[in-house]
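Here is the structure we will look at.
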Amino acid sequence: MVTTAPVGDRAELARRRAAAQGRIRWELLNQLIRTDLKVKYQGSVLGFAWSLANPLLLMTIYYVIFTKVLNNGIPGFAIYLMAGLLPFTAFSMAVTSASGSVTASAGLVKKVRFPRVVLPLSSVGFALVQFLLQLAVLLLVVLILDPGRIGPELLFVLPALALLVLFSTALGILVSALNVRYRDTSHFVEVAMLVWFWGNPILYSAGLVRDKLGDAYWAYFLNPMATVVTTFQRAIYNEPYYTDLNGDRALSLADAGYAFYFRNLAIGFVIAGLLLLLARRVFNRLQADFAEEL
Amino acid sequence: MTAAAQPARRPVIVAKGVSKRYLTHRSKSTQLKERAIRGRGLGTEEFWALRDVDISVGEGETVGLIGPNGAGKSTLLKMLAGILRPTSGEVDVQGRIASLLELGAGFNGELTGRENVYLNAALLGLPRREVDSLFDQILAFSEQEQRIDDPVKHYSSGEYVKLAFSIAVHVDPDVLLVDEVLAVGDEAFARKCLAKIAEFQQAGKTILFVTHSLDLVEQLCTRGVVVDHGRVQYDGDPAFAVGTLRRILGTDRPLGEPPPPIPRGAYVHDATPSLTVGGPRAEEFTAGQPLHIRVDVEVIDAEDVFAGDVIVVAVGSGDYPIFAVRTPPGQGLPAVPGRYAVDFTLDEAPALNGAFILAVQVEDADTGYPLAVARFDTVLRCASGDLPGILTVSSTSAVSPT
C-alpha cells in the first residue's frame, strides 16, 4: 500500500469525508444558483432586464387600473405597489419553483448522491437573487424620483428580508418534498399563490383591513407574508397617512408606528421557524425514497 | 486461499442482510385522488430486486459486480452510493464516494464544459478552491482542451464521458462506484482509464464496478461478485466468478445448444464440511476418517418443489466434480416452504489429495430438473494418498518394451 498514514487516521479521515459529503454545502448551492441564472439568461440579449420586465409590466397594469380606472386615492401608488408586489412575487416564485425542484432534477436525484435539500434551496436562492436586483432598482428609482421617502425606516428592509427568506425556505422545502409523492402539490401551490396574493395588502391599503377587522386585526398578520409586505411598505413607501377620496385622513400603511411591526415580525419569525422545523422533518423523512419515487 | 495470505483489510463498504423491494404500480398513484379512492396497498405488486445480500469490501479492493440484466446489480450499487434506501438491512460506506452511475449525470447541457466541471465537482463534494487547483489536470486527462468552453449539449457521447470520468477520478474519492460507463471512450481513452484505475489500486482506493465486459473483470478485479435473481450467487475469485456467470448465462457452451433450465423454487444458503454431524466448519480431512457435510437450504416456492426432491453435493476442483453424494429418492426436501438442514455423512473420506470445493444442486427426483444450484468457495483439503490432487485407485501394472 502506498499510503503511510496509520490505518486509524485514515478511517477517521474517511468518516469525516463521508459526513462532509452529506452536509448542505454552500459551495454546491452557490453553483446551482449560478447555473440557474446562467441558463435562464443565456442567449437572451436583454438578459437580466427580463427579470425587471415582468414586475414592471404588472406595475404598469395595476397602476393604470388603480389610479386611472378605479381610483384608490393612494398617492405615489406605483411605489406603494412595488414595495409590496416585489417581495410577494419573489415569495411566489421561490415556492412555486421549489415545489417542482426535486421532480425537475429527477436525473440528478436518481444518479448522484448529494444533499437533496439544496434543490429547493437553490430555487429560493435564485428567486432571492432576482428579488435583490429588483429591489436595488426600485430603491434607485425612489431615490431619484422621490428621495423624501428614504429615511431611517429603510432599515426595516433587513428584518423583512430575513423573514421573507426564512418563510420561503421553509415552505419551499416542504412543498418540494411533498411534490415527489403527491404531484398535485405543485398545481395546488400555483393556485394557492393566486389566492394568497389577495390576502396581502398589495393592491389595497392595510389601513382598510384594520378598519374592517377591528380587534381581529392581529389575526391578519398570522400570515407571515402580510408582515413581510407591510414591513417592506413601511421601509420603502414610508408615508403612513393620506387623504382619501372623501377628504378624510386615512391610514395607508398597516400602522404609523414601529412597535407594531416588531411585534408582527416576531410572530412571523416564530411561525416561519416552526414551519422550517416541520419542513426539515418531512423532507428528511421523505428524501430517502426520492430516487425510487421519481 | 489467497485471502488468508493478505493482511486483514479495513472494511470500507459493508452491506448486511440488504433487501430491496420495489412496489410496481400499474399506474403509480401519485395523485391524491387515486390515493383517496384506492388506498395504499391496492393495485400494487411487489418485486424483490435484492434479497438478503451480504457484502463486505475491504480498503483497496477492486470488485467487479457481474450478473445478467435485471439481476439487481445497479440497485445494489445505488444503495451503496446512498441513492436508494434498502427496504431492510444496513449499508455503511466510509469515505468520500464518487459514483459514475450514468454518463455525466449532473451535467447541465446549457453550461460549458468548464462550468460543468465546477458544478459536478461541487456535487461530488469538492470545494471550489480545490477544483481550481485540479482543473488543469482534469482538463488534460479529459482531452477536451479544444471544447472546454463549448456547451456540453454539443459534445459527442464519447467527449461527454471523458469529461465526466475525468472529474470523478480527480475528486480524490475514497470509494469509486462505476456503473457500466467505461465502454464509451475510444481505445486510447479506455487505456488511460485502466491506467488511472491501476493508479487508484496502487493508492489503496476501493473500486466497485458493474460491468458486462467479463474480460475486464478477470483483468482488473481482485474479486468478482455474481448477482442473479437478487442474490449473491458467488463471491470470490474473479476468474471463477466469470465462469459462474457464463454458466448462468449459458455462454459457456456454443450458441445453439439448449441452455440449462433456470433453477428456481429453492435456494441453497450454505454447505459446511465438518468432522462431526452439524459440527463447526472444518477444512482439513484425512482419508478414511468420517466426513460430514451440512447443506443449509431454503424451500421458497412450494409449487416448484415436489416432495422428495433430491439434493446432490458434488465435490471437485473448479468445474470438474470428482465425486458426489445424494439424498436417496423420496428422502429429499419436503414441499413446505422453510429452511432445512440436510446432513450427509461419509463414513470414510475418499483417498483424495489436494483442495476441493463444494457444489450443491437440488433437482427433481423424477426428471433431474435443477431447482437450485450453488457453488461454495469453501475449501476441503484432503491429505492422504501418494500423489497430490488425484484419487489413487489400487491397480496392477506391468512394463514391457514395444
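Chain naming here is simple, since letters A, B, ... match the order of the sequence lines and numbering starts at 1 in each.
More than 12 heavy-atom neighbours from other residues, nucleotides or ligands sit within 6.0 angstrom of NZ on K40(A). When the shell of 6.0 Å around NZ of K110(A) is examined, it contains 12 or fewer heavy atoms from other residues, nucleotides or ligands. Residue-environment remark: CZ (F188(A)) stays at or below the threshold of 12 foreign heavy atoms within 6.0 Å.
Contacts of V131(B) with chain A are absent, with no heavy-atom separation under 4.5 Å from either backbone or side chain. Only the backbone of L126(B) comes within contact range of chain A, with heavy atoms under 4.5 Å apart. With a 4.5 Å cut-off on non-hydrogen atoms, D92(B) does not touch chain A at all.
For the pair R85(B) and D289(A), the tightest heavy-atom approach, listed with the atom from each and the gap, is NH2-OD2, 2.7 Å. Heavy atoms only, all atoms of each residue included: K20(B) and E292(A) are closest at NZ-OE1, 2.6 Å.
Using a 4.5 Å heavy-atom threshold, the side chains of L119(B) and L32(A) count as touching.
Separation of atoms CZ (F290(A)) and CG (L84(B)) is listed at 13.0 Å; rounding is to 0.5 Å. Atoms CG and CZ, from L80(B) and R113(A) in turn, are 11.0 Å apart once rounded to the nearest 0.5 Å.
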Kindly indicate, with the supporting measurements, whether the criterion side-chain contact (heavy atoms from CB on, under 4.5 Å) is fulfilled by L28(A) and L123(B).
-> CA-CA 6 Å; L28(A) 174 57; L123(B) 278 169; 3.7 Å; yes
Mind running side-chain contact (heavy atoms from CB on, under 4.5 Å) on E115(B) and T35(A) for me, showing each step along the way?
-> CA-CA 8 Å; E115(B) 289 161 342; T35(A) 301; over 6 Å; no
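Every residue meeting the ring pair (Phe, Tyr, Trp, His ring centres under 6.0 Å) condition with F221(A), not counting sequence neighbours, appears here in chain and number order: Y217(A), F260(A).
Per-residue counts of heavy-atom pairs under 4.5 Å with chain A were compared for L177(B), V12(B), V175(B), D172(B); the largest is that of D172(B).
Sorted by first and then second residue, the pairs that involve residues 123-134 of chain B and meet side-chain hydrogen bond (donor to acceptor under 3.5 Å, both in side chains), not counting sequence neighbours, are Y118(B)-D132(B).
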